[in-house]
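So the structure is just underneath, and the comments pick up after that.
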Amino acid sequence: MGFLDILLGRTKAVAPDLDQLFGLPSAALTLQAAAGFTPTGTGAVCFASVEGGAFAQAHQEVQELLDADAERTGPPVEVSRDEYGYSWLVSRREPDDLPALVSDLHAVNSALEGSGFGPQLLCSVAGFQDTGQRRLGLVYLYKRGTFYPFAPLTGEAQRRDNALELQVKAALADDLRIEQDLSRWFPIWGAPGL
């Protein structure tokens, strides 16, 4: 970064660090102790769909890779599209098998990135809930290399529990690289598993 970049307020983009995803299992322990949230066993990777044979082939290979997991006891990996036109590759595992879910999310991101489709990757999310059925997603922003909590209110039309999100941010500050710019805590309405 040069002198003019500093004067003009430009910063270097943070390179994605997919290994940050492997911090989720230890963060889940902290989250359970601090706020009573446990994993739901559902996670998803969101990406902007691209037309063309190369992307379709990469997408099919990723799905086959995850579906071929002999230890998977749940349904195969699902593909869905949200109302905004983004695609979600959804993986479901047993709630107590968060490390396997994280491996699935990492494999999807790595495979798409390795096939040259890194720019289409948007985020990954792992779902959590508490005994009161409040939902929470820990969202990994691919292009920022950071996490943030997203807590949609149950029964409310597109409203968030901001107090819970800030509580989770404080609780996980030592476990995950938390996104400090709150304007980048994008809502992921209708995300699978939330």
Side-chain angles (χ1 to χ4, degrees), residues 14 16-18 20-48 74-75 77-102 104-106 108-109 121-194:
V14 176
D17 180 7
L18 293 176
Q20 292 293 317
L21 289 169
F22 292 115
L24 279 172
S26 65
L29 296 173
T30 302
L31 188 58
Q32 184 173 4
F37 281 84
T38 58
T40 62
T42 302
V45 175
C46 181
F47 53 93
V77 176
E78 305 163 20
V79 178
S80 66
R81 187 176 281 249
D82 66 20
E83 64 185 86
Y84 304 105
Y86 294 108
S87 294
W88 293 84
L89 199 94
V90 184
S91 178
R92 298 185 196 286
R93 295 287 187 154
E94 292 297 320
D96 61 348
D97 199 4
L98 186 58
L101 180 65
V102 168
D104 289 351
L105 299 177
H106 189 275
V108 171
N109 281 289
L121 289 167
L122 300 175
C123 68
S124 297
V125 61
F128 294 82
Q129 70 180 18
D130 68 1
T131 56
Q133 301 303 311
R134 289 188 303 171
R135 298 171 296 148
L136 173 73
L138 290 181
V139 182
Y140 175 75
L141 288 172
Y142 177 80
K143 291 176 174 74
R144 302 276 297 173
T146 56
F147 288 87
Y148 68 91
F150 174 66
L153 286 170
T154 304
E156 297 287 334
Q158 297 192 345
R159 290 198 50 221
R160 303 165 74 160
D161 188 341
N162 298 109
L164 175 60
E165 291 176 354
L166 293 174
Q167 176 189 358
V168 170
K169 173 188 183 261
L172 298 181
D174 293 335
D175 293 291
L176 298 173
R177 187 184 299 162
I178 300 293
E179 177 59 52
Q180 296 302 311
D181 182 356
L182 300 184
S183 69
R184 296 203 181 261
W185 289 22
F186 304 110
I188 51 174
W189 306 118
L194 289 184

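Remember, predicted model here, so these are calculated numbers, not experimental data.
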Heavy-atom side-chain contact between [X] and [Y] under 4.5 Å:
X      : Y      : result
Pro149 : Trp185 : yes
Leu164 : Val168 : yes
Leu101 : Leu24  : no
Asp161 : Leu136 : no

Problem set entry | Candidate list Glu179, Gln180, Gln20, test side chain to side chain donor-acceptor pair (under 3.5 Å), partner Thr146, passing option | Glu179
To the closest 0.5 Å, what do you measure between [atom1] ([X]) and [atom2] ([Y])?
X      : Y      : atom1 : atom2 : value
Tyr140 : Leu176 : OH    : CG    : 11.0 Å
Leu21  : Ser124 : CG    : OG    : 5.5 Å
Cys123 : Phe150 : SG    : CZ    : 10.5 Å
Tyr84  : Ile188 : OH    : CD1   : 11.5 Å
Leu98  : Asp104 : CG    : CG    : 10.5 Å
Phe147 : Ile178 : CZ    : CD1   : 8.0 Å

What are the two closest heavy atoms between [X] and [Y], and how far apart are they?
X      : Y      : result
Trp88  : Ala191 : CH2-CB, 3.7 Å
Arg134 : Phe37  : O-CE2, 3.4 Å
Ser87  : Arg81  : OG-NH2, 3.7 Å
Val125 : Leu105 : O-CD1, 4.0 Å

Mind checking what makes side chain to side chain contact (heavy atoms under 4.5 Å, CB included) contact with [X], not counting sequence neighbours?
X      : result
Pro95  : none
Phe186 : Leu141, Tyr148, Arg184
Gln129 : Thr40, Gln133

Exercise. Quick check: are there more than 12 heavy atoms from other residues, nucleotides or ligands sitting under 6.0 Å from CG of Asp181?
Worked result: yes
Seminar exercise, completed: Here the side chain to side chain donor-acceptor pair (under 3.5 Å) pairs for residues 22-33, sequence neighbours left out, are Thr30-Asp175
Exercise. Any sub-3.5 Å donor-acceptor pair from Lys143's side-chain atoms to Leu121's backbone N or O?
Worked result: yes
For this session: Please confirm whether the backbone N or O of Glu83 pairs with a side-chain atom of Trp189, one donor and one acceptor, at under 3.5 Å?
Result: no
Problem set entry | Asp82: salt bridge (charged side-chain N to carboxylate O under 4.0 Å, His left out) partners, not counting sequence neighbours | none
For this session: Would you list the pairs meeting salt bridge (charged side-chain N to carboxylate O under 4.0 Å, His left out) in which at least one residue belongs to residues 164-173, sequence neighbours left out?
Result: Arg160-Glu165
